[in-house]
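Notes to accompany the following structure.
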There are 2 protein chains.
Amino acid sequence: MTSDDLTVRELGEFGLIDRLARVLNGAGRDPLRPEASGPIGIGDDAALWQPTPGRREVLTTDALIEDVHFRHRTTSWHDLGWKALAQNVSDIAAMGAVPTRAFITLGLRPDTRVADLEDLYRGMSELLRAYGFELAGGDTVSSPITIISITVVGELEGEGLRRAAGQAGDLLAVTGSLGGSAGGLAALEAGLPGPGSMGSDPDGWGLAAAHRLPSPRVAEALALAQVGVRCGMDLSDGLLGDSGKLAYASGLSAVIDIDNLPMSDALRRRFGAEEARHMALAGGEDFELLVAAPPDVMARALALVAERNDVPDIEIERWLRPLTVVGRLEEGPPGQVTVLDQHGQPIQPPRSSWDHFRQAETRS
Amino acid sequence: MTSDDLTVRELGEFGLIDRLARVLNGAGRDPLRPEASGPIGIGDDAALWQPTPGRREVLTTDALIEDVHFRHRTTSWHDLGWKALAQNVSDIAAMGAVPTRAFITLGLRPDTRVADLEDLYRGMSELLRAYGFELAGGDTVSSPITIISITVVGELEGEGLRRAAGQAGDLLAVTGSLGGSAGGLAALEAGLPGPGSMGSDPDGWGLAAAHRLPSPRVAEALALAQVGVRCGMDLSDGLLGDSGKLAYASGLSAVIDIDNLPMSDALRRRFGAEEARHMALAGGEDFELLVAAPPDVMARALALVAERNDVPDIEIERWLRPLTVVGRLEEGPPGQVTVLDQHGQPIQPPRSSWDHFRQAETRS
């Protein structure tokens with residue numbers, strides 16, 4: 001047996017914790033020998049930290065379940081690690097906060113290969129480095145199916161973003177482009193050429209990357225909150241359903257101009273304008289931000305994004321994803337969403353949002 | 001179809017959230033309409049709170065997986081709700097902290113009965129009320145097996161308890177009695193008379209209660225930390241294994257006097273002295289505290305417990321579980337545990353501690 005075939009059962013719980021800690025830290029650390037005192041409690045019964053004075057704490061928790069949220073056949077362990085953390089970080093960004101620490105509870109089959117778990121931790125480690133926070137604890141248990149349950153804690157300075165802070169007359173805007181994740185999933189399911197020949201289908205691979213390795217909009221949320229945006233959430237279940245949730249929380253109706261939805265050229269080229277619009281409207285897992293603000297605040301936000309991105313020397317940390325106005329909030333039945341075509345005529349939306357129990361069992 | 005047969009799939013995600021919120025709050029609350037501002041963010045993308053100035057935050061996370069940690073055939077949904085929270089609260093107590101908020105991620109089969117989930121939430125609600133904290137968020141997803149993943153956050157005032165704070169010469173002590181949970185599981189597996197005729201097997205039912213509805217030692221941990229105890233953890237995997245973990249974290253060896261282990265009369269009567277001792281030494285899930293302290297500090301702790309419990313008018317909030325010295329920490333190979341018989345002679349411990357991947361698949 002090569003070391004690549006070593007399973008979790010053979011290595012045992014504490015050997016596994018040690019191996020995974022090495023992936024995260026580069027070097028070995030003894031997870032069973034915590035510090036006797038000090039602010040951090042890794043290796044103790046619970047994690048321990050000193051909150052930053054004057055800031056509030058935010059917390060989100062979410063789970064990925066094998067054959068419900070992913071399939072090992074189509075999702076690599078590396079991407080699973082990135083995406084499991086990314087979807088939680090997106091919820092932190094949706095509050096206008098920054099992530100500070102993550103906790104992971106893994107349910108693992110005893111015959112899971114240790115090498116696969118190291119790939120999972122490499123994916124998580126890349127996201128942790130990209131967003132500047134750390135894994136601070138968790139739990140590993142035996143399970144008949146793979147389960148990844150994540151908790152991410154963050155800090156909020158100032159007011160932040162709330163779903164219920166929308167007002168009649170607010171403009172609705174989204175960051176980045178929509179439908180990329182749905183398009184990437186469709187491209188992956190239709191079959192892409194092997195990674196060695198990405199050049200033969202760059203659109204497909206670009207969309208697949210949006211689906212596999214989403215980048216939560218932490219910097220964008222901070223910038224928007226700074227210029228006075230108070231209402232927002234992240235797009236996990238699709239603009240159609242999520243705009244309804246934001247509108248409902250604010251006691252208002254939403255209007256979406258379907259012609260204004262930002263989409264990548266790759267999405268349009270691959271699926272045609274109409275199907276691309278449907279994906280942008282109803283596709284899930286884009287993990288972009290949806291925000292609402294009065295026109296003057298939104299104008300400041302648009303100006304800020306333009307100013308930050310229009311610099312001779314592009315410094316990566318200044319760059320923000322574009323912001324696009326896609327509709328507005330108005331008085332009306334709470335949670336109602338009206339979709340208008342390019343002539344301002346209401347159209348029947350193509351499909352509704354995601355319900356975890358009522359729709360098909362598998363999302364991606 | 002009666003309403004008792006209503007399933008999660010039929011009710012849908014948002015109807016379910018509403019029904020479960022009613023169990024927790026007594027009255028209905030609209031979980032999709034959060035407040036626009038203020039310190040609490042229920043219904044938003046993440047929970048939000050203002051930490052208490054001068055205190056540190058603690059966090060623990062743990063999961064219960066069907067057919068690994070419980071079986072629906074032998075564990076009621078109510079008890080599952082209590083126990084899932086209790087084992088996390090015990091980790092918070094182990095730090096000398098108090099729980100402040102809980103988050104639950106549920107993986108549910110679409111055919112799960114809504115009435116069963118209401119029972120689960122009743123069990124959780126009883127524990128939340130008993131320990132004075134609240135459910136502040138979570139996530140519900142579809143799953144082929146039942147999964148209950150819990151995160152509990154708490155606050156720590158002062159130094160608290162740490163595994164690594166033990167010193168050579170410290171006495172080891174435990175709260176309450178040991179082996180009750182293992183005895184209760186054995187009694188349940190052997191078959192108990194129906195709840196209607198508990199009187200015909202009071203010992204069995206008493207032990208079963210210790211297994212089904214453990215009471216984490218939050219008040220005891222606070223009292224011990226107050227008199228200067230600095231080293232502690234909770235007993236989830238059995239005294240033998242857990243004392244080794246505490247000793248290892250402190251860079252020391254542990255000695256346990258098997259004759260000193262506190263056990264209930266019910267355990268001794270039902271299983272005989274020898275098997276009862278084995279259960280007290282190696283049985284898991286007692287959720288008592290294991291603490292280490294220099295003899296003078298331990299004397300203060302023993303006096304405090306005696307004083308608090310020796311009052312003419314027993315006020316329930318003053319009462320603390322008894323504290324029993326069971327051994328000591330000394331210089332030696334880190335993590336080594338020596339078990340001594342009543343003559344001070346080393347004996348071979350009956351079995352070792354729990355490893356989540358190496359031992360049998362089912363704990364309870």
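Worth knowing before you read on, the calculation uses all heavy atoms, side chains too, and leaves out hydrogens, waters and symmetry mates.
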Discussion item. Does this structure show an ion pair linking E57(B) with R101(A), if we count only N-O contacts that are shorter than 4.0 Å?
Written reply: no

Worksheet, complete the sentence: Most heavy-atom pairs under 4.5 Å with chain B, out of D62(A), T151(A), L161(A), belong to D62(A)

Worksheet item: Looking at L64(B), V153(B), T105(B), which has the largest count of heavy-atom pairs under 4.5 Å with chain A?
Response: T105(B)

Practice prompt. Working to the nearest 0.5 Å, report the span between CG of L235(A) and CZ of R217(A).
Written response: 10.5 Å

Item to complete: Please name the residue in the list V89(A), D91(A), L290(A) that meets the side chain to side chain contact (heavy atoms under 4.5 Å, CB included) test with D234(A).
Response: D91(A)

Worksheet item: In terms of heavy-atom pairs under 4.5 Å, which option from V152(A), I147(A), I92(A) contacts chain B the most?
Response: I147(A)

Worksheet entry | Residue, of I104(B), V58(B), T60(B), that accumulates the most heavy atom pairs under 4.5 Å with chain A | V58(B)

Item to complete: Answer with side chain, backbone, both or neither: which region of L59(B) has an atom nearer than 4.5 Å to a non-hydrogen atom of chain A?
Response: both

Discussion item. Using modelled atom types and a 3.5 Å cut-off, is there a donor and acceptor pairing between side-chain atoms of T61(B) and backbone atoms of I150(B)?
Written reply: yes

Fill in: Test applied, side chain to side chain contact (heavy atoms under 4.5 Å, CB included); reference residue, T140(A); option that passes from L108(A), L20(A), V8(A)
L108(A)

